[in-house]
Amino acid sequence: MSNHAGFPVDAPPTPGEAGLIAVDEHTSIGCWVHDISAQDVEIVVPDASLVPDVFLLTSSAQESIKVCRTLWRTDEMIGARHR
């Protein structure tokens with residue numbers, strides 16, 4: 001099993017919360033938010049290449065909108081750090 005910034009990449013994703021990634025003021029991408037910690041989050045999206053390196057994330061698991069910076073990405077997964 002490989003590991004990116006503490007996230008196991010080859011493990012099946014755990015059930016998460018539905019979320020939205022705001023790419024810009026006119027575009028959002030639906031996602032599943034997994035493994036939320038105090039600073040890091042793992043996100044599953046249909047196409048990770050569409051998500052910019054810095055983005056806004058909201059989900060029912062979070063109390064507010066988070067500004068996130070991408071730490072790593074695969075075709076459908078992103079590991080990010082939020083402020």
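Residues H34 and V44 meet the side-chain proximity criterion, which asks for heavy atoms closer than 4.5 Å. Side-chain contact between M77 and W32 is absent, with no heavy-atom pair separated by less than 4.5 Å. A heavy-atom distance below 4.5 Å is found between the side chains of I29 and L50. Within the 4.5 Å cutoff, the side chain of D47 has heavy atoms near those of the S49 side chain.
To the nearest 0.5 Å, atoms CG (L56) and SG (C68) are separated by 8.0 Å. Here the straight-line distance linking atom OG of S28 with atom CZ of F55 works out to 12.5 Å at 0.5 Å rounding. Rounded to the nearest 0.5 angstrom, E76 CD and I43 CD1 are separated by 14.0 Å.
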Report task. Would you sort out whether E42 and W72 count as a side chain to side chain contact (heavy atoms under 4.5 Å, CB included), showing the intermediate values? Result -> CA-CA 10 Å; E42 182 177 285; W72 58 265; 4.1 Å; yes
Requested in this report: Begin from the C-alpha positions of L20 and L57 and carry the test side chain to side chain contact (heavy atoms under 4.5 Å, CB included) through to its verdict.
Outcome: CA-CA 6 Å; L20 281 175; L57 174 67; over 6 Å; no
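For the side-chain contact (heavy atoms from CB on, under 4.5 Å) test, no residue two or more places apart in sequence or in another chain qualifies with D75. In terms of the side-chain contact (heavy atoms from CB on, under 4.5 Å) criterion, residue partners of T27 (sequence neighbours excluded) are, by chain and number, V23, D24.
The backbone N or O of V51 lies less than 3.5 Å from a partner atom in the side chain of R73, making a donor-acceptor pair.
When all heavy atoms of T70 and P52 are compared, the closest pair comes out as OG1-O, 3.4 Å.
For D40 and R69, the salt-bridge test fails: no basic side-chain N is under 4.0 Å from an acidic carboxylate O.
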